[in-house]
Amino acid sequence: MSTEADYADAHRLPPVPPRPPVPAPPAEDPHTAVLRPAPPERPAKPGPGPMPPATPPAPRAAAAGSPPPENIPPRPAAPPRTGQAPAPPSVPPQAPADRSAAPRDTAAFHLANSEALWNGPGDTRTGSGAAAPPRPTRPPETPAADTPRPPAGPPVPPPAANPHRPVRRGVLAATGLVLGLGLVVGAAAGSWLADDADGSPAAEAVFAQGREVWHNTPVDTLFPRTLNGHGTGPGGADRTWTRIAVAPDGGCTGAFDPLLAKALAPVGCDRLVRATYVDATRTNVVTAGAVTTKADHSAMADLRRRFATEHLDTRTDLMPRPYAAKDTPAAKFGPAQRASWSIKVLGDLPVVVYAVSGFADGRPVADPQPAAEATRGGASTAPAEAGLGHDAKAVTDRIEQVFRKQAAKATTEQK
């Protein structure tokens, strides 16, 4: 039925009391034109059907100049013109009911009463037509709950390194070293004094035993069959010498050049022992010897001092002579083949040790060179380049060590 049929008997119905006027929403309000979903905590929009009693809907304001006819329901509001979203769905048709008691379910009613619901409290938007800023899609991130918190109190710094600790350690180490050396020196001095008092090993006792080493020591100990010189060759090379002949012990006649024999005369010659060695290449030969003198401790000290101050051990007219054994590689080793030599006067023993070296093939050497000069760096003479200076010095040192060791051993055994 039409609307006019519904209200044909309107003059028989009691008049509707006037309702307080409600301000109509602006015609171009974009907020009422778009129906947004309500937040979860707010009441949902009532579904279709009879509406519960509520505030009566306010009639839409009539057009300017003429009030609407009485008892004529207002016309639904025009659809929005914004174009930002589709028009709200129309309300489904309601079954005929007593319109005098139930509110009219019209689009204007819902639009008029839903503004506060959709906008919410604190919404300050106006109907100026300006678009609302987009809402954030997710709440701002907050720090995780398990983020470690700083300690309540101020951090305790690690203990600083003690700058004086290395210095203290160095001082303690130096002190310990000094004390240790002091104890050793004191013990040695005490032992030395005690030995002098009771006749045990002392300087004079060792000196006296040194005079007997030549005949109390086996020949293989006095002149070992093999002498090893580790790092004694040119450039630190190892050297090895093999004994090829041992001379019978005897006097010093013919064993030295005349001027050397004259220089040794003040200490006398008690016994001379000699042996000849050849190197591993059988190229160089060396004669080692030891003269046991008749002098006392003071005379040997004077002779040692004279050799050092007058450099008698470096003069080419004061050379020892070799022992050329027959049927050996040293058979051609005579005075003309001498290339280098070394002489040592032992001040604490009545012994003079020496060694003289040359070529095994019998070649003569016109300019022999003492071992002290032939072993210097940069020496380019024939004895130096052939290593003959190293041979003479190394063999002399080995024979000196043997005499010192045997003298000390004999003194200790005699005690």
Practice task
Indicate the atoms forming the closest heavy-atom contact of G229 with R398, along with that distance.
Solution key: CA-NH2, 3.5 Å
Exercise for the section: Evaluate the side chain to side chain contact (heavy atoms under 4.5 Å, CB included) criterion for residues F223 and V395: first the C-alpha distance (whole Å), next the side-chain angles of each, then the deciding distance (0.1 Å), finally the verdict. Expected result: CA-CA 10 Å; F223 295 108; V395 172; over 6 Å; no
Handout entry: Min side-chain heavy-atom separation R243-P224 under 4.5 Å
Key = no
Problem - Check: V206 main-chain N/O paired with Q209 side-chain donor or acceptor under 3.5 Å - result: no
Exercise for the section: Without swapping roles, check the side chain of T293 against the backbone of P350 for a donor-acceptor pair under 3.5 Å. Expected result: yes
Handout entry: Euclidean distance, R274 CZ relative to D249 CG, rounded to 0.5 Å
Key = 10.5 Å
Fill in the blank from the handout: Value for CG (D220) from OG1 (T226), rounded to nearest 0.5 Å, stands at 10.0 Å
Problem - Other residues, nucleotides, ligands: >12 heavy atoms within 6.0 Å of R304 CZ - result: no
Practice task
Could you name each residue pair satisfying disulfide (SG to SG under 2.5 Å) that touches residues 327-380, not counting sequence neighbours?
Solution key: none
Handout entry: M300 and L349, any side-chain heavy atoms less than 4.5 Å apart
Key = no
Exercise for the section: Using a 4.5 Å cut-off on heavy atoms from C-beta on, say whether the side chain of P368 contacts that of M319. Expected result: yes
Handout entry: Heavy-atom side-chain proximity of N284 to Y277 below 4.5 angstrom
Key = no
Practice task
Please round to the nearest 0.5 Å and tell me the distance separating atom NZ of K405 and atom OG1 of T217.
Solution key: 11.0 Å
Handout entry: Shortest non-hydrogen separation from S340 to P370 and the atoms involved
Key = OG-C, 3.6 Å
Practice task
Kindly determine whether C252 and V291 satisfy side chain to side chain contact (heavy atoms under 4.5 Å, CB included), including the steps that lead there.
Solution key: CA-CA 8 Å; C252 296; V291 178; 3.8 Å; yes
Handout entry: Side chains of F333 and V286 in contact at under 4.5 Å (non-hydrogen atoms)
Key = no
Problem - Residues D302, R306: salt bridge by 4.0 Å N-O rule - result: no
Problem - Q369 side, atom CD; T375 side, atom OG1 - distance, nearest 0.5 Å - result: 8.5 Å
Problem - CG (D327) with more than 12 external heavy atoms under 6.0 Å - result: no
Handout entry: F207: ring-ring contact (aromatic ring centres under 6.0 Å, His included) partners, not counting sequence neighbours
Key = H297
Exercise for the section: Could you tell me whether the side chain of L260 reaches within less than 4.5 Å of the side chain of I343, counting heavy atoms only? Expected result: yes
Problem - From CD (E204) to CG (D348), nearest 0.5 Å - result: 11.0 Å
Practice task
Could you please spell out the steps behind the salt bridge (charged side-chain N to carboxylate O under 4.0 Å, His left out) verdict for D257 and R338?
Solution key: CA-CA 12 Å; D257 284 348; R338 292 176 296 182; 3.4 Å; yes
Handout entry: Heavy-atom closest pair, residues L318 and L312
Key = CB-O, 3.8 Å
Handout entry: Minimum side-chain heavy-atom gap V285-K332 below 4.5 Å
Key = no
Completion exercise
Of all heavy-atom pairs linking Y323 and A330, the shortest is O-CB, 4.5 Å
Fill in the blank from the handout: What one should report as the nearest heavy-atom pair of W214 and F403 is N-CE2, 4.5 Å
Exercise for the section: Search all heavy atoms of A245 against all heavy atoms of A325 and return the closest pair with its distance. Expected result: CB-CB, 3.3 Å
Handout entry: Lys/Arg N to Asp/Glu carboxylate O, D397 vs K344, below 4.0 Å
Key = yes
Exercise for the section: Please test T381 against E373 for side chain to side chain contact (heavy atoms under 4.5 Å, CB included), starting from the C-alpha separation and ending with a verdict. Expected result: CA-CA 10 Å; T381 60; E373 297 179 2; over 6 Å; no
Completion exercise
dist C269:SG -> F256:CZ (nearest 0.5 Å) comes out at 6.5 Å
Practice task
Check T232, T281, D391 against R239 for a side-chain hydrogen bond (donor to acceptor under 3.5 Å, both in side chains) and give me the one that passes.
Solution key: D391
Exercise for the section: Answer yes or no: is there a donor N or O on one side and an acceptor on the other, between the side chain of W341 and the main chain of D313, under 3.5 Å? Expected result: yes
Practice task
Using atom types as modelled and distance alone, determine if a side-chain donor or acceptor of Q337 lies under 3.5 Å from a backbone N or O of F359.
Solution key: no
Practice task
Please tell me if the side chains of D238 and N228 come closer than 4.5 Å, counting only heavy atoms from C-beta onward.
Solution key: no
